[in-house]
2 protein chains.
Amino acid sequence: MNVMPNPLTKDRSATHGSYLRLRDMILTGDLPPGQKLKIEELRSLLDTGASPVREALSLLTSDMLVERIDQRGFRAAPVSKANFEEILALRCMLEEKALRASLAGADSSWEEQLVLAHHRMKKAAQKGDNGFEEAHKAFHMALLANANMPMLERYCAQLYDLNIRYRNLAARGPRYRTRSVQNEHQEILEASLKRDADLAARLLIDHYRNTGNYLSSQMDA
Amino acid sequence: MNVMPNPLTKDRSATHGSYLRLRDMILTGDLPPGQKLKIEELRSLLDTGASPVREALSLLTSDMLVERIDQRGFRAAPVSKANFEEILALRCMLEEKALRASLAGADSSWEEQLVLAHHRMKKAAQKGDNGFEEAHKAFHMALLANANMPMLERYCAQLYDLNIRYRNLAARGPRYRTRSVQNEHQEILEASLKRDADLAARLLIDHYRNTGNYLSSQMDA
DNA sequence: CTGTCAATTAATATCGATATTTTATAAGGG
DNA sequence: CCCTTATAAAATATCGATATTAATTGACAG
């Protein structure tokens, strides 16, 4: 039998572990936008070698969370209002497309997955679980999961994360308060289960625009 | 004074050079879809170390040209009809959006860049220059360049390359012949210069669908 | 034969050290 | 006093070697 040294260190590889941790630090704002990411610092922070760190950072450039400038290293991707608004616009366009495709081929298996994802999210929200973020993303991805368009889903997942980053950054600032969005989720779920593509798409986009406009207004101040 | 050993070896870094060469080999089909990409082989082929090769491959995963499986290396991204058709669908959706955004804010500076790109492409086509591919991409990107949506443009550039890959792969097969597309480009240019967004978008999408359907039919056979 | 398991081979992932390049610092000339 | 140029420091990029993991082979039992 193999006793595992640390439940958290059940990493598939140093690179993958570094990737997850760095990604998390950027999404939460722990590594602030624009910050220079020095190999040596990260190496000692993550307690690993330079190669895994470099490779993890290279992978994070795919996610547009890290910028790479040849011969002069890496930095956490900068943020701007324009960038946020582009993310919002792209999300509305791509998720609408994906949701409609998902609904078009809806079957009971997908329906059940969706109900399940929604249930888990609600439950996580009630007990103030820190697993809510994960469940929230899972619900939104479940909506699109039946589109059978892997690249489109990948883009949506990427944009989702970028959006969450802005939300987290705003939450660090002053006078930030969360909107209650549980009923919006409920409505989106119900419209989807009724296969009402137009309604579901409208509700989903409104859901994004509402949160988005609030965050956008925060960025002026 | 520093004499440069080889004008082609004016690479900014070994990683960047490897990135460009590997990318080219995958786009041309020189490295066929699904092929295992062994570090040691590529290392000797590119005459560089393992680190630049690994890092270049990591970067190529952003472009969806390379797949990475943790602990078991890299391989050239596989191809399929479904994948091709998703690329085509996404291109039509994203480029239409980008083109309309580009036209919406059209100014004379952008207009001049576009005319220039078109001229260069025509010229390269006439003298059978091998720089045509580059000029062709430049023209299509010039159409979108005024959208002021960097992420959207990046997606379009990515999808353009993936599409070219399929074209190159088809060109290796039997009974492949190129369509004449010069007049289609001319029409797109003229509609854009007239700021006729609806017409330009329709022509652009038809341009893609025509080539796409031809390639798609080849893939059955 | 066929499937399982051990031993071997091959490939990946990682480390530690070094060479190159960039950035910061300081000195000298306009 | 500012700008240019040399020097020193820091950081990146790269190499070569090693440890770890996966794939392969072959022997053995069912």
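In the text below, chain A, chain B and the rest are named by the order of the sequence lines, each starting its count at 1.
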Stepwise ring pair (Phe, Tyr, Trp, His ring centres under 6.0 Å) check, His118(B) with His140(B)
CA-CA 9 Å; His118(B) 182 259; His140(B) 276 286; over 10 Å; no

May I ask you to decide if the ring planes of Phe84(B) and Tyr166(B) are parallel, tilted or perpendicular, using 30° and 60° as cut-offs?
tilted

Mind telling me whether His136(B) and Tyr160(B) have parallel, tilted or perpendicular rings, with 30° and 60° as the class edges?
tilted

Do [X] and [Y] have side-chain atoms, one donor and one acceptor, less than 3.5 Å apart?
X        : Y        : value
Asp63(B) : Tyr19(B) : yes
Ser13(B) : Asp70(A) : yes
Ser58(B) : Ser58(A) : no

Determine: side-chain N/O of [X] to OP1/OP2 of [N], distance under 4.0 Å, yes or no.
X        : N       : result
Lys36(B) : dT12(C) : yes
Ser13(A) : dT12(C) : no
Arg54(B) : dA13(C) : yes

Quick one: [X] [atom1] to [N] [atom2], roughly how many Å, whole number?
X        : N       : atom1 : atom2 : value
Phe74(A) : dT12(D) : CZ    : P     : 9 Å
Ile69(A) : dT12(D) : CD1   : C1'   : 12 Å
Leu46(A) : dT14(C) : CG    : C1'   : 14 Å
Leu57(A) : dA13(D) : CG    : P     : 10 Å
Leu37(A) : dA11(D) : CG    : C1'   : 13 Å
Glu55(B) : dA13(D) : CD    : P     : 7 Å
Arg75(B) : dA22(D) : CZ    : P     : 15 Å
Leu42(B) : dA13(C) : CG    : C1'   : 16 Å

Pick out the pairs of N or O atoms, protein on one side and nucleotides 15-17 of chain C on the other, that lie under 3.5 Å.
{"residue": "dC15(C)", "atom": "OP2", "partner": "Thr48(A)", "partner atom": "OG1", "Å": "3.1"}
{"residue": "dC15(C)", "atom": "OP2", "partner": "Gly49(A)", "partner atom": "N", "Å": "2.7"}
{"residue": "dC15(C)", "atom": "N4", "partner": "Ser51(A)", "partner atom": "OG", "Å": "3.3"}

Is the shortest distance from a Lys or Arg side-chain nitrogen in Glu55(B) or Arg68(A) to a carboxylate oxygen in the other one below 4.0 Å?
yes

Salt bridge flag under 4.0 Å for residues Glu133(A) and Arg167(A)
yes

Would you tabulate the pairs of protein nitrogen or oxygen atoms and nucleotide nitrogen or oxygen atoms of nucleotides 18-24 of chain C closer than 3.5 angstrom?
none

side-chain contact (heavy atoms from CB on, under 4.5 Å) for Lys81(B) and Ser216(B)? Distances and angles first, verdict last.
CA-CA 7 Å; Lys81(B) 194 173 175 182; Ser216(B) 201; 3.2 Å; yes

Among the candidates dA13(C), dT12(C), dT14(D), find the nucleotide nearest to the side-chain atoms of Ile39(B).
dT12(C)

